[in-house]
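The analysis underlying the following values was restricted to heavy atoms, covering all of them including side chains, and did not include hydrogens, waters or symmetry mates. Source: prediction; values computed, not measured.
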Amino acid sequence: MITRAPFLKTRHGGYLHRDVPDEDTELTHVGPHTPCGEYLRRFWQPICFSDELRDLPHRIKILGEELVVFRDRSGAVGLLELHCPHRGASLEYGQIDTKGIRCCYHGWLFAADGAILETPGEPAESTLKDQLCHGAYPVREHHGIVFAYMGPPDQQPPFPVYDSFVRPGYRVIPGQKYIWPCNWLQIMENAMDPAHTAFLHTIISGAAFTNEFGVLPELDFLETPLGMMYIATRRVGDNVWARMVEAVLPNLQQVGPVWEDGHREHAFSGPMMSRWIVPLDDTNTMLIELRHVSETDSVTPAWLADRTIMIPGQLPAESYEAGQRQPGDYEAQVSQRPVAIHGLEHLGATDRGVAMFRNQTRRGIRAVQTGHNPAGLCRTADSVIPTYCNDTVVRLPPDEGSAADRQLMRKTGRQLADGYLKNPPLLAERLSLPAG
């Protein structure tokens, strides 16, 4: 359990509130042998975009480990420990070869799987290379992203394929990659905080998305087979707009279209973006996107298909003063400290999703500790896994009285969500395709 600061009830009582509790290390520390680090390593994690791998090695840090990723001249992608096992030179200065990567210092050659192929300078009869391997992790490319599995080799799960990634009529393309100087959890759990879209992204800083996001929605939170989602329901004239954003365990956010305004009736939209929140270490996090671009929907803005254009509200302001005047997600989340101190928080009704996600993560960590598979782990190869992120707009005139109408909105949003859980719409789309 985390240690809490005293519950301050005294005005001008800062002197009584100076002690800062410890971090919730179970949820926030990600290095080797840490509880959360071992949990995250049980899943395939994105490490870079495929098009970053050119003619030079690419140094990265993932989950506190210093690594090098490269594509050799045969096309194979390798992810190796950064330092050569011979004398410790960094392989970021290595030479990419037809069969792997060659250390710049003494020419040792390593295959993508860590096999040592050559040890120049050793006697011809030397068997040194046959007795050793260099540390390496399996990788997989999918939709322009390189993924790695960094967990126990005998526990490697199948690679997960979500229905939103193979949706008919949609192109799934790489988006942007950016790094924030704070812990992964405070970024990931933001997706389960729908109240912030009304305040931070509309009321405080002006409409980053559409003006309709400025209405504080009726809220519900629901666990799914993969993680959880929030249900944020708003009244837009005679329409009810239900927005469902999804957290796929352990660290994937699926976000619906930010251009939605609730004025046009439509069925389940699916996601606009899938974004992984990947810890580099305890205080730095990579956000890496895939975008879902409709090939038929005239409503989807052209900028979504241009990966050089950032989705609104995600980058730091151009200056400190600009960030003070119009803060966005970066300012709100990074300013919580490099690692947010949960023992100083006072969670309220709108934070139910944050608490639910933390509890799910804690359960997953403890499942791994006790030798069980965590929730959300893919268990069946070649299966298509249903997801639930969407916006839905239905015509439903307001009920008499504001309290009754709020109840009607909550009920409508929950009924839609329950129906989608029972019959996932994107799987139904695939099943309705003609044979051949």
Verdict with supporting geometry, I187 and N190, side-chain contact (heavy atoms from CB on, under 4.5 Å): CA-CA 5 Å; I187 304 173; N190 176 73; 5.8 Å; no
Would you say [X]'s side chain and [Y]'s backbone share a donor-acceptor pair under 3.5 angstrom?
X	Y	answer
E223	M228	no
H292	R171	no
Q415	T412	no
Q314	P312	yes
S274	L290	no
D97	I101	no
H86	C84	no
Q360	G227	yes
R243	P257	yes
W44	P157	yes

Could you list the residues that satisfy side chain to side chain contact (heavy atoms under 4.5 Å, CB included) with [X], not counting sequence neighbours?
X	result
A267	none
E265	N239, R395
R59	E66, L82, E92

From CA spacing to verdict: side-chain contact (heavy atoms from CB on, under 4.5 Å), V245, M229: CA-CA 5 Å; V245 169; M229 63 181 171; over 6 Å; no
Can you see which heavy atom on [X] is nearest to which on [Y], and at what distance?
X	Y	answer
L80	L91	CD1-CD1, 4.2 Å
Q253	A191	NE2-CB, 3.5 Å
Y420	P425	CD2-CG, 3.4 Å
I288	C48	CD1-C, 3.9 Å
T202	A198	CB-O, 3.3 Å
S50	R71	O-NH2, 3.6 Å

Residues L53, V146; criterion side-chain contact (heavy atoms from CB on, under 4.5 Å); working and verdict: CA-CA 10 Å; L53 304 182; V146 180; 4.1 Å; yes
Quick one: do [X] and [Y] make a salt bridge, cutoff under 4.0 Å?
X	Y	value
E189	R358	yes
R54	E52	no
R4	E345	no
D418	R414	yes
R275	E246	no
E212	R234	no
D51	R307	yes
E295	R167	no

Evaluate the ring planes of [X] and [Y], with Trp represented by its six-membered ring, and classify them as parallel (under 30°), tilted (30 to 60°) or perpendicular (over 60°).
X	Y	answer
H201	F209	tilted
H134	F110	tilted
Y230	F221	perpendicular

Please tell me whether [X] and [Y] form a close aromatic pair, meaning their ring centres lie under 6.0 Å apart.
X	Y	answer
Y149	Y137	no
H58	F70	no
W276	F43	no
W241	F213	yes

What is the distance from atom [atom1] of [X] to atom [atom2] of [Y], rounded to the nearest 0.5 Å?
X	Y	atom1	atom2	value
E23	D282	CD	CG	7.5 Å
I62	I47	CD1	CD1	6.5 Å
T233	L416	OG1	CG	8.0 Å

Ignoring hydrogens and angles, state whether a donor on the side chain of [X] or [Y] is under 3.5 Å from an acceptor on the partner side chain.
X	Y	value
Q254	S164	yes
H196	D329	yes
T392	H266	no
D163	T387	yes
Q45	N251	yes

Sequence neighbours left out, cut at 3.5 Å: what donor-acceptor pairs do the side chains of residues 34-42 make with other protein atoms?
unit_1, atom_1, unit_2, atom_2, d
T34, OG1, H29, O, 3.1
T34, OG1, G31, N, 3.3
T34, OG1, G31, O, 2.6
T34, OG1, G37, N, 3.1
E38, OE2, H33, N, 2.8
R41, NE, E65, OE2, 3.2
R41, NH1, V30, O, 2.9
R41, NH1, G37, O, 3.1
R41, NH2, L63, O, 2.7
R41, NH2, E65, OE2, 2.9
R42, NH2, Q155, OE1, 3.3
R42, NH2, N373, OD1, 3.0

H372, NE2: over 12 other non-hydrogen atoms inside 6.0 angstrom: no
Pairs satisfying ring-ring contact (aromatic ring centres under 6.0 Å, His included), at least one member in residues 317-348, at least two apart: F7-H346, W180-Y330
Pair D391-R264, salt bridge (charged side-chain N to carboxylate O under 4.0 Å, His left out): steps then yes or no: CA-CA 11 Å; D391 290 283; R264 179 181 64 93; over 6 Å; no
Salt bridge (charged side-chain N to carboxylate O under 4.0 Å, His left out) between R410 and D220, worked out: CA-CA 7 Å; R410 285 196 300 273; D220 205 348; over 6 Å; no
Chi angles and distances behind the side-chain contact (heavy atoms from CB on, under 4.5 Å) call for F199, L216: CA-CA 8 Å; F199 289 99; L216 190 65; 3.8 Å; yes
With a cut-off of 3.5 Å and sequence neighbours excluded, list every side-chain donor-acceptor pair involving residues 348-356.
unit_1, atom_1, unit_2, atom_2, d
D351, OD2, G348, N, 2.7
R352, NH1, A349, O, 2.8
R352, NH2, L219, O, 3.3

